[in-house]
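All remarks here apply to the structure that follows.
All ligand and atom numbering here is 1-based and tracks the order in the structure.
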Amino acid sequence: MKFLNVDTYQEMSRQAANLISAQVIMKPDSILGLATGSTPIGTYKQLIEWYKKGDIDFSKVISINLDEYVGLDANNINSYRYFMDKNLFDKINIVKENTFVPLGTAENLEEECKKYDENIKQLGGIDLQLLGIGLDGHIGFNEPSEVFTKNTHIVDLDKSTIEANSRFFGSIDSVPKKAITMGMASIMRAKKILLIANGKGKKEILNKALFGPITPQIPASILQLHPDITVIYSEE
Ligand code: GLP
């Protein structure tokens, strides 16, 4: 594991964007696994800046997002599809049809989960997976549990996750209680993993996840077993 401790959020974002752009430059048709949340916003901003300068070309890139809230569609400002469109996809030259986010409004959610995994398989798996980490150690929306769930699945969000994410929704009651998330198998099969985290509040869970026992109670702890993971942390 490569662990970079940097001073500022901006530095974390720049370093993460560096690794993502290196991936795209080396393999223009990369399959990028992408994440939402406050943490990657700076990384996406940096990528947009370099794209505008002509330094990165996303025209052949395919993206696969980790998760989506059940019941929220692309027009809902709190959906992860909306987040990705506004914070990245609409500002770079990625082909929209090549951007995949689980469909939280699918009539048959079980079917959507199966389709999502099938798609990842057909694309040949993820080259670089960007991850944030939740305060309870979740990655994507893989919440603490008795087991590591392998495939894309529907989850009941933890109370702490609902509370943490209520800052975007205005009230706790408006936060969806369920989400659809990529499972651990697709994440762990990614050739490279890039985990970013910032803020004092994330320090304890990050330490537990990266240096404590590997347990499904701290879903991110499984990342210790990945052969090519870079973690970038800024206390800011
Ligand atoms: C959300 C997302 C995760 C993200 C995490 C941390 O619930 N599903 O993919 O990593 O929360 O979010 P933030 O970066 O806002 O702290």
Side-chain angles (χ1 to χ4, degrees), residues 6 8-10 12-13 16-17 20 32-46 63-72 76-84 86-88 100-104 113 116 126 128-145 149 152-170 172 174-184 186-188 190 193-210 218-223 229-236:
V6 296
T8 61
Y9 175 79
Q10 204 190 342
M12 178 199 76
S13 305
I20 296 170
L32 297 182
L34 297 179
T36 51
S38 327
T39 315
I41 290 177
T43 305
Y44 295 152
K45 273 200 181 130
Q46 182 66 84
S63 73
I64 300 178
N65 260 76
L66 284 166
D67 48 10
E68 178 62 282
Y69 290 109
V70 167
L72 302 196
N76 188 307
I77 55 165
N78 284 307
S79 74
Y80 285 166
R81 162 53 78 180
Y82 186 94
F83 174 101
M84 288 310 300
K86 296 300 159 218
N87 286 295
L88 187 64
F100 298 97
V101 179
L103 194 60
C113 293
Y116 210 68
I126 294 162
L128 173 68
Q129 176 66 56
L130 177 66
L131 292 174
I133 183 169
L135 285 172
D136 59 2
H138 71 237
I139 46 177
F141 267 135
N142 289 276
E143 295 283 27
S145 156
T149 306
T152 299
H153 58 288
I154 307 297
V155 285
D156 290 317
L157 297 177
D158 272 15
K159 206 168 155 259
S160 67
T161 302
I162 292 173
E163 268 166 25
N165 291 0
S166 67
R167 68 190 194 275
F168 302 111
F169 287 82
I172 286 201
S174 322
V175 185
K177 308 290 175 283
K178 284 182 189 292
I180 176 167
T181 183
M182 207 192 268
M184 289 301 190
S186 306
I187 296 174
M188 286 300 282
I193 289 187
L194 172 56
L195 173 66
I196 53 176
N198 73 287
K200 284 199 176 88
K202 292 274 173 80
K203 202 172 184 172
E204 194 185 332
I205 190 65
L206 196 63
N207 269 323
K208 279 191 189 160
L210 300 179
I218 301 179
S221 63
I222 200 170
L223 299 173
I229 170 163
T230 302
V231 182
I232 310 176
Y233 173 70
S234 149
E235 200 167 289
E236 186 182 67

Q. Heavy atoms under 4.0 Å from ligand 1: which residues qualify?
A. Thr36, Gly37, Ser38, Thr39, Asp67, Tyr80, Gly132, Ile133, His138, Gly140, Phe141, Asn165, Arg167, Lys202
Q) Are Thr39 and Lys202 close enough that some pair of their side-chain heavy atoms sits under 4.5 Å apart? A) yes
Q | Non-hydrogen atoms of Ala35 and Leu131 that approach each other most closely | A | CB-CA, 4.3 Å
Q: Taking atom types as modelled, find out whether Asn65 and Thr36 have a side-chain donor-acceptor pair closer than 3.5 angstrom.
A: no
Q. Going by atom types only, do Tyr69 and Asn76 share a side-chain donor-acceptor pair under 3.5 Å?
A. no
(Q) Applying side-chain contact (heavy atoms from CB on, under 4.5 Å), can you list everything that pairs with Tyr9, at least two apart in sequence or on another chain? (A) Met12, Ser13, Ile41, Asn198, Glu236
**Q.** N-O pairing of Glu68 and Arg81 below 4.0 Å
**A.** no
